[in-house]
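Okay, so here's the structure we're looking at.
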Amino acid sequence: MAETIKVTLPEGQVERVPRGTTPLELLRRQNQRLAEQAVVAMSNGDLVDLTEPLLRDTALRFLTTDDPEGMFVFRHSSAHLLAAAVLELFPEVKLGVGPPTDNGFFYEFYREQPFTPEDLARIERKMAELRDADVPNERRWLPRAEAMKLYEQQGQKFKCELVEEKAEGDQVSFYVTGKFIDFCRGPHIPSTGRIKAFKLLSVSGAYWKGVEGNPQMQRIYGTSFPSQAELDDFLHRLEEARRRDHRRLGPELDLFSFQDEAGAGLVFWHPKGGLVRTLMEDWLRAEYLRRGYQMVYTPHVMRIDLWKTSGHLDYYRQNMFPPMEEEHLTYQLKPMNCPGHILIYQSRLRSYRDLPLRLAELGTVYRYERGGVLHGLLRVRGFTVDDAHIFCTPEQVGEEIRLCVEFALDALRTFGFERFEAELSAYEPGHPEAYAGRVEDWERAEGALQRTLEQIGLPFKRMEGEAVFYGPKIDVKLIDAIGRPWQLSTIQFDFNLPERFDLSYIAADGAPHRPVMVHRALWGSVERFFGILIEHYAGAFPVWLAPVQAVVLPISEKNAAYAGQVAERLRSAGFRVELDARNEKLQAKIRDAQLQKIPFMLVCGKKEEEAGTVSVRSRAKGDLGPRPLGDFEGELRRLVETRAADA
RNA sequence: GCCGGCGUAGCUCAGUGGUAGAGCAGCCGAUUCGUAAUCGGCAGGCCAUCGGUUCAAAUCCGAUCGCCGGCUCCA
């Protein structure tokens, strides 16, 4: 047995150390600074505790919270700190799971009484105590039976379940933090003292293991960082997200509202929001026509038989409003547009010469979403899909997909988004029975999707086995101004509906063939996209979309007539301009215009009136000084025509 | 749908069993003003809705509707 082992460090230097040396001991000799920052080591590719004795020759590197895995370990240990504190204060709680998340961590507890905000404050103080005591996190191994006995004695029934399900082998891994012991595979940071900054954020209900019907756990969410500055930065970002929240900005900017009297999840577009929507839709319609789509309209209620044929009644019923009974017939409010478009396709015999047939509709649908899931404009019960269905031959599939993805990116870029990611959901080979359509169709379709993404150079993840049963799909996500991803466009093959409706076209051989159907939505829902736009721009729409592009501000009543002329001239030139002739000080008018996020304020006083100019103030850049009205008009026109990103 | 929090004037919020309050917004008046809030006055509420407890309910209890944070769901 060798007395020493060989450790290869990241820069390639090789150290000989006594067997049983821990990564932390080694690191303290190497680099004291890193020793304080490191949270975990990677030995031969596996994450290991810094305090785990090294027994074999290994390649070793050290991770800090700058590495995603390091941050996960750090947050995981933070969750343990939370659980340790909770157990000291509330010894009766039953522990669930406590993992790290993207932005922090949570730990689940079962307890009869709910945790109150005061409880959270107490828990935070206890966590700080345990942190200040710098309690070590030590790993222990227990024989499986002993582990079960331990948890049974403590009445930790959820933990018993976890040990039963998750423990591998005879020995079960535990971590001990002071009086707290937890079944856990680790790894963890060496001691609690490193968790310099943390904050508990919320408490909420969560089903045990996420299964409806299981007991409700109380999940305490928190976040943590190695320094207070980083925590402050995180809290600022939360604040920034709150500042952009479309649910706040919508009413403030008079864009839209919800009305209790009308019902939950039903949107009222006010004049200003309606104007933005009109501009969005105008752009989209022009693009549809340019790209060979044909606009259609289909009814909002249709006979229920149609939804039997399409299959929605079977697999989508829980999301559909209840049917409406008439004396002889039953009608259904539409949750989707596809069947309507199919009926148009079927209205006459189709030739291969008619294909591709691209039917587009800004189709308003109603879906009965469960009460608890509604969320501003992002999750509603009535919304308009920028929907289109493309019926084409199998040979045309590749080209159609390429056109769709290009269209999608164009539709998002035009509205100020620049960063995208895609997901390709593919079928799971070996289970043909789980999918509609033929294997060769699937392969052709998936090939077309993948080639398109590669050609266009859009980064994508292939999600094996993630496809829905009726066809593979591409989902495009965008990343907004503050780095949040949103799933928007979807381009999906449908091998199911053409079968169910027995669609066909007459090919060159004179025989009927089955067309391929592609379902695609670029914004998804106009409501949702609008909500995302509001947050992306923080309510400050670019000039071409701004409901009010400029407001004219007379300094006093003496200049009101001139200001009125300025406003009138710009209006007749086609711009959206308001006159603020209120008996208020200039500062007050400017403040109100800034809060309304109007791109330009045109100050009109004695000087401007005499010179025939306006003093321009930009909401973003402040006072730009006086200029001839004609110059400003030209600048405004340029900003609108180029759909410039900001004022 | 589930767990928890919440619902008072257009908005933001005080008011914990005994005569509904403030600021902003609105209206009226004064002021005529140079780049983020001028001053004064007036008006404005079935305290979400319905039911219960009580001599008495914004306040306590129940149900319903809606909102918020999560869970679940998201063809």
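Every chain is numbered from 1, with letters handed out A, B, ... down the list of sequences. These numbers come from a predicted model, not from an experiment.
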Taking the same atom, [atom1], in [N] and in [M], what whole-Å distance lies between them?
N	M	atom1	value
U53(B)	U72(B)	C1'	37 Å
G4(B)	C42(B)	P	47 Å
G44(B)	A57(B)	P	24 Å
G66(B)	U49(B)	C1'	10 Å
G10(B)	A25(B)	C1'	7 Å
G69(B)	G29(B)	P	44 Å
A22(B)	G17(B)	C1'	23 Å
C13(B)	U8(B)	P	9 Å

Using atom [atom1] of [X] as one end and atom [atom2] of [N] as the other, report the distance to the nearest whole Å.
X	N	atom1	atom2	value
R582(A)	G26(B)	CZ	C1'	12 Å
E466(A)	C74(B)	CD	C1'	14 Å
W208(A)	U72(B)	CH2	P	13 Å
E108(A)	G4(B)	CD	P	15 Å
E369(A)	C71(B)	CD	P	16 Å
R248(A)	U12(B)	CZ	P	10 Å
E252(A)	G10(B)	CD	P	17 Å
E557(A)	G29(B)	CD	P	11 Å

Using Watson-Crick or G-U wobble geometry with both distances under 3.5 Å, which nucleotide pairs with [N]?
N	answer
G62(B)	C50(B)
U12(B)	A22(B)
C67(B)	G5(B)
U35(B)	none
G44(B)	none

Please figure out whether G311(A) or K558(A) has its closest RNA chain B nucleotide nearer the 5' end. K558(A)
Are L255(A) and P547(A) side-chain neighbours, meaning at least one heavy-atom pair lies under 4.5 Å?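 L255(A) vs P547(A): side chains touch.
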Can you check each nucleotide of nucleotides 35-47 of chain B against protein heavy atoms at under 4.0 Å and return B for base, S for sugar-phosphate only, - for none, in 5' to 3' order? BBBB---------
Using a 4.0 Å heavy-atom cut-off, write out nucleotides 65-70 of chain B from 5' to 3' as B (base contacted by protein), S (sugar-phosphate only) or - (no contact). -SSSBB
Any N/O donor-acceptor pair, R370(A) side-chain to C74(B) base, under 3.5 Å: no
Just grab all the salt bridge (Lys or Arg N to Asp or Glu O under 4.0 Å) pairs involving residues 517-529 of chain A, residues at least two apart or on different chains. R277(A)-E527(A)
Check whether Y110(A) forms a cation-pi arrangement with K157(A) (NZ or CZ under 6.0 Å from the six-membered ring centre, at most 45° off the ring normal).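 Yes, K157(A) lies over the aromatic ring of Y110(A).
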Under 4.0 Å between a side-chain nitrogen and a carboxylate oxygen: does that hold for [X] and [Y]?
X	Y	result
K606(A)	E609(A)	no
R514(A)	D502(A)	yes
E421(A)	K461(A)	no

Side-chain H-bond candidate by donor/acceptor type, Q596(A) with R619(A), under 3.5 Å: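 No, because no side-chain N or O of Q596(A) sits under 3.5 Å from a partner of the opposite role on R619(A).
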Distance-only polar pair, side chains of S257(A) and Q259(A), donor-acceptor under 3.5 Å: yes
Is K589(A) touching bases, backbone alone, or none of the nucleic acid, heavy atoms closer than 4.0 Å? nothing
Judged by atom type as modelled, is there a donor-acceptor pair below 3.5 Å linking the side chain of K477(A) to the main-chain atoms of L488(A)?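 Such a contact is absent between K477(A) side chain and L488(A) backbone.
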For L377(A), does its backbone N or O pair with a side-chain atom of H246(A) as donor and acceptor, under 3.5 Å? yes
Start with the C-alpha gap between R244(A) and Y537(A), add the side-chain angles, then the distance that decides, and say whether side-chain hydrogen bond (donor to acceptor under 3.5 Å, both in side chains) holds. CA-CA 8 Å; R244(A) 290 168 176 261; Y537(A) 287 127; over 6 Å; no
